[in-house]
Amino acid sequence: MGQIFVIGNQKGGVGKTTTSLNLGAALTEFGKDILLIDLDPQGGLTLHCGYEPDKLELSIYDALKDEDLTNDALLETKFGAHLLPANVDLAVSEMELINSVARERRLTAILNPIRDNYDLVIIDGQPSLGLLTLNAMTAANQVIIPIACEYLALRGVDGLMKMIKKVQGQLNSKLKINGVVPTMFDRRTNHTEAVLKQIKKTFEPEIKVYDHIIYRSIRFAEAAERQKAIIYYAKNIPGAAAYRDLARELIRAGEV
Ligand SMILES: Nc1ncnc2c1ncn2[C@@H]1O[C@H](COP(=O)(O)OP(=O)(O)OP(=O)(O)O)[C@@H](O)[C@H]1O
Ligand SMILES: [Mg+2]
């Protein structure tokens, strides 16, 4: 059965969308069939993939309402993965879902018929622990948690862990935490080094903190603006190598 990973952290701006896209691009480069799901009404992943969220004919909003539309809503990306895009309509889905039957399982229902067409489905989560995130964790096999090596990095992580435990207990006993990916690492400051130590102390040994640290680089924002994956826009920066290494490690471990 096709694997489903959610890239989750309710803290904003920690690199969820960047990790979703670049991990997806690196895995595609290694021959894997990848579906990216934009599960954020901001549509950041959709935009990064080269599509204007406001101009979509169909989006994940339509698929969540009528699963027969899921295939029609899929888009191709320049780097070969498929994308189920999102725009601000998804915020309406969240409200509509509240009153629906099996409201935590809508995303599972639309992914079940298509997940086997892919080696991996990557869900880019929104920065909240609301119903959309609950849907993502109910549908997923594994969670990858990007954490920025910055001030207050671990703030809110408790809430995320509690939610994962609750999902494991009540909705999806198969959900595992794959690991933590440290992002926004800045080698010029001692502070980031200290934060990285703190991240490791918090999670290890129960949860793996990847050695493939994503260094801070302005190239990431430039790549997003030019709607390119970092492995094609600035393939020689450490961050591009790190996403490739992370993809390689997931393949080697048999996760994808
Ligand atoms: N390693 C990095 N170095 C520098 N900038 C980065 C890096 N990774 C991502 N960025 C930039 O930081 C910003 C936030 O990243 P991103 O959108 O991936 O975070 P996010 O967790 O998805 O945010 P949100 O919670 O708003 O969805 C973007 O402008 C992105 O281009
Ligand atoms: Mg995002």
Side-chain angles (χ1 to χ4, degrees), residues 5-26 36-51 53 59-60 77 79 81 83-88 90-91 94 122-130 132-133 135-137 143-157 159-160 163 180-189 191-193 195-196 199 209-247:
F5 284 14
V6 52
I7 312 297
N9 186 340
Q10 82 275 29
K11 198 162 190 292
V14 298
K16 293 180 291 294
T17 301
T18 304
T19 298
S20 301
L21 181 119
N22 289 298
L23 184 58
L36 298 173
I37 310 252
D38 193 346
L39 201 66
D40 184 348
Q42 293 178 100
L45 181 64
T46 300
L47 194 59
H48 198 157
C49 286
Y51 292 95
S59 72
I60 190 167
T77 67
F79 52 88
L83 168 73
L84 184 53
N87 58 25
V88 71
L90 185 58
E94 183 153 35
I122 299 177
I123 305 172
D124 179 22
Q126 66 169 167
S128 102
L129 295 179
L132 290 174
T133 302
N135 264 267
M137 289 190 183
V143 189
I144 289 182
I145 307 171
I147 297 188
C149 300
E150 296 172 338
Y151 180 58
L152 299 179
L154 292 162
R155 201 173 171 172
V157 161
L160 180 64
M163 182 169 188
V180 169
V181 178
T183 62
M184 315 280 180
F185 186 85
D186 191 340
R187 71 178 106 199
R188 292 165 304 183
T189 69
H191 174 67
T192 36
E193 193 66 58
V195 174
L196 180 60
I199 292 172
V209 176
Y210 279 101
D211 292 328
H212 316 301
I213 295 160
I214 316 298
Y215 282 80
R216 184 181 281 284
S217 165
I218 188 66
R219 299 279 177 205
F220 280 100
E222 289 174 7
E225 203 183 348
R226 289 174 175 73
Q227 304 181 323
K228 285 191 172 151
I230 200 71
I231 56 169
Y232 299 113
Y233 178 69
K235 61 179 185 211
N236 294 322
I237 67 163
Y243 278 116
R244 273 208 178 95
D245 290 343
L246 181 60

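Read the numbers this way: they start at 1 and go in the same order the structure lists the ligands and their atoms.
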If we check side-chain hydrogen bond (donor to acceptor under 3.5 Å, both in side chains) with Tyr233, which of these qualifies: Gln227, Glu225, Lys228, Glu222? Glu222
So do the side chains of Glu94 and Gln126 get within less than 4.5 Å of each other, counting heavy atoms only? yes
Metal check, the Mg ion (ligand 2) vs Ser20 N/O/S, cut-off below 2.8 Å: no
What residues sit with at least one heavy atom under 4.0 Å from ligand 1? Lys11, Gly12, Gly13, Val14, Gly15, Lys16, Thr17, Thr18, Asp40, Gln42, Pro127, Met184, Ile214, Tyr215, Arg216, Ser217, Phe220, Ala221
Could you check whether any side-chain heavy atom of Val88 comes within less than 4.5 Å of a side-chain heavy atom of Pro53, counting everything from C-beta outward? no
Plane angle bin for His191 and Tyr151 - parallel if under 30°, tilted between 30 and 60°, otherwise perpendicular: tilted
Flag the pair Tyr243 / His212 as yes when at least one side-chain heavy-atom distance between them is below 4.5 Å, and no otherwise. no
With Val6 as reference, evaluate Asp124, Ile123, Leu39 under the side-chain contact (heavy atoms from CB on, under 4.5 Å) test and give the passing residue. Ile123
